[in-house]
Every structure is written in structure tokens, then in C-alpha cells.
S.K.: 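Starting off with a structure, shown below.
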Amino acid sequence: MKQLALGLVPSQTPLRPLLWGLTLILALSSTAKIQLSENVLSRAAAMLAITENHRLELGPWKSLTVDWARTPEGSYFSNKAPGPILLGAVFFYPLYKAGKVFLNSLQLSDREKQKGTDILLTTILWILSLLLQLLPMVWFVSRTLILLQEKKAPLGALVFFLVGALFSNTGAFFLNSYFGHGFSLAATLGVFYFLLQRSFSKTGFFLGLAVMGDYSCFFLIPAVGVYLFVTEFRLVFNATGQVLKGLVFPMVLMGIYHWLCFGSPLALPQKFQNPSMVWDTGKQALWGVITFIPSNYTLWELTVGSRKGILVTQPYALMLLVLLGAAFPIWGFHKKLKENKIEMGLSLAALLFFAGVFCMNAGFNAWWGGGTPGPRYLSAAFVPLILAGSLMWSSWPKLIRSLLLAGLGIAFVFSLLSLAVGDLPSMEPLWSFMVWKLTDSKDWVYLNLRLIFFTGIVLFSAKRTQLSFSVS
């Protein structure tokens, strides 16, 4: 079993102990409260309906969550993208059935059986998070590290990619809970990994999985198109054809799901959203939930605000947006464009994807996304920026690289604190809240023990890696 686990990360992967150390923290930091939140339970209710009733309609499990969509016929379905539901059900079915057989074999009261069922459900959701989110992400991170090393990327670039992609972005927080953000995050990295490998049919397949995991990943489609146009100009039609070939199965599967649930392959659950989730914002809104002109307040809070802002949660990402955006016009008029076409294509694709997801997030009526460590609806959009920055690492002056590492360090500490604290507020300044939880709340002792434990794992794995902090 140990050999199987180690085989997930090839031995030639640089920074291997640190990679496994961060993975261990993510695997151990999930809490029952997060796993049994409304968002997660919407998917759980759908998988329970498939397991017990062999139907997609939620039926009696609608009561588990408010995250549902109701059709004109009065049927209730999950309002989540179908990828984690359909793929998760493959594992959920046997695990849940086996667990129920075990619980029924015990002499338990009704109250004890309900508690046992809750524990069973939490455990299965955690297992699904590992199988379909965390471990695939670890594999793609490890393979991408090898790819960067083959491209002669320096140690600073490798550290920046590993720590940024696996640990120091909002999406990484959800790799251990079944929100779906971790699912789309891993699939998105798969898209860009196979693009760099020029394996375009696999690119298309993971592109489809990303969209099945999060509807906002639709913006990956034009982003991939731009990348192919820049890097494969003479073979763009052949490359696009291969991408479309890989895209067929997941898109057909998603279309069938939407047709069975909502009457059309193109009908999204947001069209039938729970009325309590539809708010009158005083502006024109698509399905009552997405406005076309976001407020200045929302834009401020998503970028530099103390509650969800990118600046306070992952400041290196704002730096990358500026750096990659500035690099484009420089390359556009540079004689060495052909030498930089991979970097340019990836930068343009990452910027386009981020812009699309950001606009959708800013226009969403519940843009803050609940009690999360940053803008969770942007979860999948940070890793392409990190990958582009890692590829361009050597082209930036030492001062820029040092500033990026400093921003990464802030994000790393923020992630460590977030994972130790666990449950975060919806609309309070995050840094001050976490400091209060660790110093003055009733459970401060337990939370500090978690933080010390996680910090110990980081220090031990960094030492085993023989990682110097002078990596710029």
C-alpha cells in the first residue's frame, strides 16, 4: 500500500517530501461541519437519490439542503454542476450500501443510527474528496513539476508552482471537501498540463470534466482556443479537432443529465433556482442570480477587500495579473515572439479564463460564497496564472521574483491559518477573525494545537526536502 501511495508521485519529482507534507495537511484538515454544509449536501442528496431510488430527482433527500432547483413540474434536483455527482455516485453507491449493512447489523437506537448515518456520510464524502479531487491534483502537480524541471525551470519556479498550486490558493482549501471546486481545480490543471504535453484529446476530456465540475469553467473553452491559435497556428484545425474529440463524451453526458433533469441539454439548474436564493438587486439579472453590471463594492471586495479580496488572501495572484498582462504587449511587438509562443499562449489563456470567471463571480448575487478563505468562485482560475508565472520565472528580475515569493509566503501563512481554524465567517475581515479564533475564542487551545501540528508537518517536510529559503 505504501508503494502504491508513493507511486502516485514519481520518484523524480522535485520537492517530493514537501509535496506529500502539504498533501497530508489538506487530507487531515477537513471538518465535519464543512463536509455537511448546504453546498456539499446538495451533491450528497443527489447521490443518495441515485443510490436508494435510482433516480436523479432528490425526493425525500431534498430536506438535506436548500441548494436545489425546482422544475415547473414540481420535481426537485440538485442545483450543482453534475460532474462530482455522476462520478461520485460510482464510488458512493458501494460505500454507502456497505456502510448501511454494517450499521443495520448493530443493535442501535434510532438516534444512534441517525448519528451513525451522519458519520458514514461525512466519511464517504471525505473519501470522495480524496479520490476525485486531492489525489488527482497531487498527481497533476507532480507531473507538472517534472515538466517544469525538463524545461530547466529554477528551484524558485518549482517552489512557486508547488506551494501556489497545491496549497496557497482559495481552490486548494476545497480539495478536502466535496464542494466541486476541488474537482474543477484538478481538472483545470489537467487541461493545461496536457496542453503543454500537446496531448490534445486528453486536453479536451479534462476540459469537459472541468465544465462538468463548475459551470464557470466554460470560459476555459475560449482560453484553450486562444492557446492553440498562438502555439499551434499552422496545425490549429487539427489540434482543435483533437480537443473536440476528447470533449465529446463529457459534454454528451452533461447534456443528457440536463435533459433528464431540466428538459433540455442546454438548460442549467440556475433557471429553476430555489426562490429563496433569488434576490431583487434592482438590476437586470440572468435567472435572477447573475447581474450584467457588478457594483463597485463587489469589485473592490473581490480584489482588495479585507473579507474576500485577492490582495489579502493570495497577493501574488494580483502581481501575476499585472505581470502577465504587461508581458503580452511586450511580446506582441517583440522579434522573439516565436521563441516565447508557449509562454505567451499560456499567459493569454490564463488571463482570459480568469477574466471570464471573475466577471461571472462579480455579477453573482451571492458573490462572497459563504464562509470561505477568499473568493471561492474563482477557485479554478488561480492555478493557470501560477503555472504561467512559473514558466516565465527566469525572465523576470530578481526583485520581481522576490516579491512574488513574498506574496506567496503571505498566502501560505493565510492558508495554514485557514486550515487550522476551519470554519470561517461569510463577511468579516478574515485575518482579524482568524487571529481572534486563535487567541481569544473558547476553542483557542484546540485550534492552536492544530496549527502547531500542521506547522510541524511543513517544517519537517521542508527539512526532508533540504529546502533553502533562498530560492529566488
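Excluded from the calculations below are hydrogen atoms, water molecules and symmetry mates; all remaining heavy atoms, backbone and side chain alike, are included.
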S.K.: Looking just at side-chain N and O atoms, do Q197 and S199 make a donor-acceptor pair shorter than 3.5 Å?
M.R.: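 There is no such pair (donor and acceptor under 3.5 Å, judged by atom type) between the side chains of Q197 and S199.
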
S.K.: How about S276 and N274: does a side-chain donor come under 3.5 Å of a side-chain acceptor?
M.R.: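 A donor-acceptor contact under 3.5 Å links the two side chains.
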
S.K.: Do any side-chain atoms of residues 74-84 form donor-acceptor pairs under 3.5 angstrom with protein atoms, and if so which ones, sequence neighbours left out?
M.R.:
{"residue": "Y76", "atom": "OH", "partner": "R70", "partner atom": "NH1", "Å": "3.4"}
{"residue": "S78", "atom": "OG", "partner": "S42", "partner atom": "OG", "Å": "2.7"}
{"residue": "S78", "atom": "OG", "partner": "K80", "partner atom": "N", "Å": "3.1"}
{"residue": "N79", "atom": "ND2", "partner": "Q273", "partner atom": "OE1", "Å": "2.8"}
{"residue": "K80", "atom": "NZ", "partner": "D67", "partner atom": "OD2", "Å": "3.1"}

S.K.: Check whether any side-chain heavy atom of T188 sits under 4.5 Å from a side-chain heavy atom of P384, and report yes or no.
M.R.: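 The answer is yes, as the side chains (C-beta and beyond) meet within the 4.5 Å cut-off.
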
S.K.: On a heavy-atom basis, which atom in C217 and which in A210 lie closest, and how many Å separate them?
M.R.: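 That would be CB-O, 3.5 Å.
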
S.K.: T240 side chain to V236 main-chain N or O, any donor-acceptor pair under 3.5 Å?
M.R.: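 Checked: pair present.
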
S.K.: Begin from the C-alpha positions of F249 and F205 and carry the test side-chain contact (heavy atoms from CB on, under 4.5 Å) through to its verdict.
M.R.: CA-CA 7 Å; F249 177 74; F205 179 75; 4.2 Å; yes

S.K.: Please report the C-alpha distance between S390 and L158 in whole Å, then the side-chain angles of each, then the deciding distance to 0.1 Å, and finally whether the side-chain contact (heavy atoms from CB on, under 4.5 Å) criterion is met.
M.R.: CA-CA 7 Å; S390 301; L158 301 179; over 6 Å; no

S.K.: State plainly whether the residues K308 and E301 are in salt-bridge range, i.e. N to O under 4.0 Å.
M.R.: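 No, K308 and E301 are not salt-bridged.
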
S.K.: Rounded to the nearest 0.5 Å, what separation is found between the CE atom of M137 and the CG atom of L26?
M.R.: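 Between atom CE of M137 and atom CG of L26 there are 9.5 Å.
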
S.K.: Which label fits F167 and F412: parallel for a plane angle under 30°, tilted from 30 to 60°, or perpendicular past 60°?
M.R.: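 The arrangement is tilted - the two ring planes meet at 30° to 60°.
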
S.K.: Decide if atom OH of Y297 counts as having more than 12 heavy atoms of other residues, nucleotides or ligands within a radius under 6.0 Å.
M.R.: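 Enclosed.
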
S.K.: Which value, rounded to the nearest 0.5 Å, describes the distance between T231 atom OG1 and L196 atom CG?
M.R.: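 T231 atom OG1 to L196 atom CG measures 9.0 Å (nearest 0.5 Å).
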
S.K.: Measuring from F229:CZ to K341:NZ, what's the distance to the nearest 0.5 Å?
M.R.: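 One finds 12.5 Å between CZ of F229 and NZ of K341.
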
S.K.: Kindly indicate whether the side chain of I310, heavy atoms from C-beta on, has any atom under 4.5 Å from the side chain of P375.
M.R.: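 When only atoms from C-beta onward are counted, P375 and I310 do touch, with a gap below 4.5 Å.
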
S.K.: Are F160 and W393, when compared by the centres of their aromatic rings, separated by less than 6.0 Å?
M.R.: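 Yes.
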
S.K.: Hey, is NZ on K202 packed in by over 12 heavy atoms from elsewhere, all under 6.0 Å?
M.R.: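 No, not enclosed.
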
S.K.: Do Y215 and H258 have ring centroids that are under 6.0 Å from one another?
M.R.: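 H258 vs Y215: aromatic centres under 6.0 Å.
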
S.K.: Do you know the tightest heavy-atom contact between P315 and G407?
M.R.: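 Here P315 and G407 meet closest at CG-O, 3.5 Å.
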
S.K.: In the structure I gave you, are the side-chain heavy atoms of L346 and Y227 within less than 4.5 Å of one another anywhere?
M.R.: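 L346 vs Y227: side chains touch.
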
S.K.: Which heavy-atom pair separates F200 from L228 by the least distance, and what is that distance?
M.R.: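 Closest pair (atom of F200, atom of L228, distance): CE2-CD2, 3.6 Å.
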
S.K.: Indicate whether any N or O donor in one side chain lies under 3.5 Å from an N or O acceptor in the other, for S201 and Q242.
M.R.: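 Q242 and S201 do not have a side-chain donor-acceptor pair below 3.5 Å.
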
S.K.: So if I apply the side chain to side chain contact (heavy atoms under 4.5 Å, CB included) rule between Q314 and each of I386, N169, L385, which one comes out positive?
M.R.: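 Going through I386, N169, L385 one by one, the side chain to side chain contact (heavy atoms under 4.5 Å, CB included) with Q314 is satisfied by N169 alone.
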
S.K.: I need the minimum non-hydrogen distance between L64 and L48, along with the two atoms involved.
M.R.: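 What the structure gives for the nearest pair is CD1-CD1, 3.7 Å.
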
S.K.: In Å, rounded to the nearest 0.5 Å, how long is the span from OH of Y178 to OG of S30?
M.R.: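 Answer for the OH-OG pair, Y178 versus S30, is 13.0 Å.
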
S.K.: To the nearest 0.5 Å, what is the distance between CD on E343 and NZ on K151?
M.R.: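 Reported value, rounded in 0.5 Å steps: 7.5 Å.
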
S.K.: Can a donor-acceptor pair be found, under 3.5 Å and without considering hydrogens, that links the side chain of R43 to the backbone of I85?
M.R.: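 It does not hold such a pair.
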
S.K.: Salt bridge check: are R198 and E232 linked by an N-O gap of less than 4.0 Å?
M.R.: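 Yes, charged N to carboxylate O under 4.0 Å.
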
S.K.: Rounded to the nearest 0.5 Å, what separation is found between the CG atom of L41 and the CD atom of E38?
M.R.: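 CD of E38 is found 6.5 Å from CG of L41.
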
S.K.: Can you tell if the side chain of T51 reaches within under 4.5 Å of the side chain of F92, non-hydrogen atoms only?
M.R.: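 SC-SC contact between T51 and F92 confirmed.
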
S.K.: Got a donor-acceptor contact below 3.5 angstrom from the Q133 side chain to the F174 backbone?
M.R.: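 Yes: the side chain of Q133 pairs with the backbone of F174.
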
S.K.: If you compare all heavy atoms of L130 against all heavy atoms of A27, which two are closest, and at what distance to 0.1 Å?
M.R.: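 Heavy atoms only, the tightest pair is CD2-CB, 4.1 Å.
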
S.K.: Closest approach of V312 and G305, non-hydrogen atoms and distance?
M.R.: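 Heavy-atom minimum between the residues: CG2-O, 3.4 Å.
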
S.K.: Under the 3.5 angstrom rule, does the side chain of T465 hit a backbone N or O of L18 as a donor-acceptor pair?
M.R.: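 Yes, the answer is positive, given that a donor and an acceptor are paired below the 3.5 Å cut-off.
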
S.K.: Using the ring of each side chain (for Trp, its six-membered ring), is W431 parallel, tilted or perpendicular to F414, with breaks at 30° and 60°?
M.R.: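 Answer is tilted, since the angle falls between 30° and 60°.
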
S.K.: Quick one, V159 and L15 - any side-chain contact, counting heavy atoms below 4.5 Å?
M.R.: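 Counting from C-beta outward, V159 and L15 do come under 4.5 Å.
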
S.K.: Checking side-chain contact (heavy atoms from CB on, under 4.5 Å) for the pair L185/D214: CA distance, chi angles, key distance, verdict?
M.R.: CA-CA 9 Å; L185 176 63; D214 189 333; over 6 Å; no

S.K.: Less than 6.0 Å separating the ring centroids of F140 and F206?
M.R.: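 Between F206 and F140, which both carry aromatic rings, the centre distance is below 6.0 Å.
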
S.K.: Can you check whether T298 reaches L302 side chain to side chain, under 4.5 Å on heavy atoms?
M.R.: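 SC-SC contact between T298 and L302 confirmed.
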
S.K.: When you measure from the side chain of R55 to the backbone N and O of I50, does any donor-acceptor pair fall under 3.5 Å?
M.R.: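 Not a single qualifying donor-acceptor pair exists.
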
S.K.: Going by distance alone, is a donor N or O of one side chain under 3.5 Å from an acceptor N or O of the other, for S418 and S415?
M.R.: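 Per modelled atom types, S418 and S415 side chains form no pair under 3.5 Å.
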
S.K.: Are any of the side-chain heavy atoms of Y377 and V357 separated by less than 4.5 Å?
M.R.: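 SC-SC contact between Y377 and V357 ruled out.
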
S.K.: When the aromatic ring centroids of F219 and F353 are compared, is their separation below 6.0 Å?
M.R.: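 Centroid distance F219-F353: not below 6.0 Å, so no.
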
S.K.: Going by distance alone, is a donor N or O of one side chain under 3.5 Å from an acceptor N or O of the other, for N361 and S216?
M.R.: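 No, no side-chain donor-acceptor contact under 3.5 Å.
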
S.K.: Under 3.5 Å, is there a donor-acceptor pair between the side chain of S264 and the main chain of L266?
M.R.: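 Pair found, side chain donor or acceptor close to backbone of L266.
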
S.K.: Measure the shortest side-chain to side-chain distance between S177 and L125 over non-hydrogen atoms and say whether it is less than 4.5 angstrom.
M.R.: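 In short, these two side chains do not touch, never coming nearer than 4.5 Å.
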
S.K.: Does V163 form a side-chain contact (heavy atoms from CB on, under 4.5 Å) with S168? I'd like the steps, not just the answer.
M.R.: CA-CA 6 Å; V163 178; S168 301; 3.4 Å; yes

